[in-house]
Amino acid sequence: MSETGTPPSPIVIAGAGIGGLTAALTLRRAGHEIVLIDKAKALSEVGAGLQLSPNACSVLDGFGLLQDLKALGHQPDNLRVWSGKTGDQISKVRLGSYLLERHGQPFIVIHRADLQGTLLKKVEATDDITLMLGTALTDAKTGDAGNLVCTYQTGETTGTLNCKALIGADGVWSTVRRLIPNHKNARFSGQVAYRSTLPIDKVPAQWRKDSGLWLHKDSHLVHYPIRSGEQLNIVALTTEDWQDETWSAPAGKDELLHRFKDWPTDIRNLLNGPERWLKWALCTVKADGPWTHGQIALLGDAAHAMLPYMAQGAAIAIEDAAELANHFPVETENTAAALRAYERTRKPRAERIQETGFKNARTFHMSGLPATARDMVMKFSKPESLAARFDYVYGWKPNQALPS
């Protein structure tokens with residue numbers, strides 16, 4: 001209760017994924033009461049692996065989570081870049097100890113469910129964060145007293161909640177985004193990601209430690225160890241029409257192998273290993289659209305869903321959560337102004353990284369002479385210089401200006 005006897009208004013966060021869970025923690029640390037809702041009845045595994053680069057780890061370190069995440073994930077020393085046409089290694093990019101020394105934080109590859117579970121455990125152990133599962137946000141309007149009133153549905157029950165702000169962390173197909181005038185809709189990119197995992201003892205020895213990136217015409221492949229190095233995460237990305245009724249669907253192995261029929265035998269053998277594949281339509285939300293409207297704000301994929309060609313989707317959502325809390329201390333009187341300041345701070349960075357992902361998509365999928373030129377440049381570049389190109393991404397820290 002406040003000094004006037006009026007119950008404090010919470011911040012409502014829609015979406016209990018990586019961004020929403022992190023935002024619950026950062027905003028609670030800033031002093032707010034939090035209500036975190038998600039339409040799922042249980043938070044289950046979605047996707048497979050993801051990469052926690054030093055910029056994300058700098059936020060998670062502030063909650064004392066890095067030791068657990070290191071144990072659950074894997075820290076590759078290098079990213080090895082291979083030709084999907086010839087099977088030869090083109091170059092390597094330094095990760096591991098190089099990025100730790102350069103930026104003061106590790107580079108961890110981890111299963112999405114392990115990161116989500118670690119964040120969820122922290123949320124459940126934190127006072128004044130209420131988690132409501134099986135609950136869908138349906139609307140939010142300004143009340144008679146100028147407060148925001150959120151309407152939600154839990155089963156057959158409709159409820160309302162007075163809140164000081166609504167944060168949309170509800171992903172690519174965000175409901176909250178529809179409440180923001182002139183918002184940007186999600187769009188299919190024309191590319192699809194096939195995802196699976198494989199026990200590490202079924203993987204050739206040369207792929208068990210480092211991350212791998214394979215480049216070919218209109219397609220590429222990424223793999224890296226997860227689950228304390230006990231599994232290999234595999235993501236095969238290709239240009240493809242989307243015919244399914246939903247935006248993720250089971251994929252047949254024969255379908256995948258046909259897409260990669262011109263690839264080296266070793267890779268086709270790797271793709272033949274998993275029994276179960278899921279494919280995802282890669283959709284984007286342009287970051288230059290509006291993120292805020294009055295007491296409503298977006299973060300993560302709801303604001304700027306990215307192609308995975310910089311592996312920064314989760315990391316930038318984690319950054320968003322930290323920056324939102326920085327701009328929104330508990331004593332804030334003008335919520336709308338605070339949220340606008342958050343948008344002004346975050347949007348240029350999200351736009352820049354999103355554009356880097358678009359450029360990488362074109363570069364990774366080159367063919368002919370452009371691909372030959374790309375490979376030559378990478379071959380004769382130092383592993384350290386290839387990593388240093390992304391200092392502006394990895395060097396970000398909370399409360400710190402963007403490195404030049």
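All values derive from a computational prediction rather than experimental measurement.
Partners of A303 under the side-chain contact (heavy atoms from CB on, under 4.5 Å) rule, at least two apart in sequence or in another chain, are W291, L298. The side chain to side chain donor-acceptor pair (under 3.5 Å) test applied to D288 returns no partner, not counting sequence neighbours.
Residues in residues 71-100 take part in these salt bridge (Lys or Arg N to Asp or Glu O under 4.0 Å) pairs, two or more places apart or across chains: R80-D210, R94-E384. Sequence neighbours left out, the pairs with a member in residues 10-35 that pass ring-ring contact (aromatic ring centres under 6.0 Å, His included) are H32-F328. Note on residues 360-375: pairs passing side chain to side chain donor-acceptor pair (under 3.5 Å), not counting sequence neighbours, are H220-H365. Contacts classified as side chain to side chain donor-acceptor pair (under 3.5 Å) and involving residues 122-136 (residues at least two apart or in different chains) are given here: R28-D128, T135-T154.
Screening I167, T26, T22 against L324 for a side chain to side chain contact (heavy atoms under 4.5 Å, CB included) leaves a single residue, I167.
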List the steps and the verdict of ring pair (Phe, Tyr, Trp, His ring centres under 6.0 Å) for W214 and W207. CA-CA 12 Å; W214 296 73; W207 299 338; 5.7 Å; yes
Run K164 and E33 through salt bridge (charged side-chain N to carboxylate O under 4.0 Å, His left out) and show every step you take. CA-CA 10 Å; K164 67 177 69 173; E33 179 186 343; over 6 Å; no
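A heavy-atom distance below 4.5 Å is found between the side chains of N55 and V393.
Taking 4.0 Å as the cut-off between side-chain N and carboxylate O, E240 and K279 count as a salt-bridged pair.
No side-chain donor-acceptor contact under 3.5 Å links Y342 and R346. In summary, the side chains of E255 and Y194 do present a donor paired with an acceptor at a separation below 3.5 Å, with no hydrogens or angles considered.
L299 contributes atom CG, which lies 12.0 Å from atom CD of E319 (distance to the nearest 0.5 angstrom). In this structure, L99 CG and I108 CD1 are separated by 11.5 Å, a value rounded to the nearest 0.5 Å. To the nearest 0.5 Å, atom OG1 of residue T284 and atom CD of residue Q191 are 10.0 Å apart. Rounded to the nearest 0.5 Å, atoms OG (S189) and CE (M306) are 14.0 Å apart.
The aromatic rings of F364 and Y309 sit tilted relative to each other, their planes meeting at an angle between 30° and 60°.
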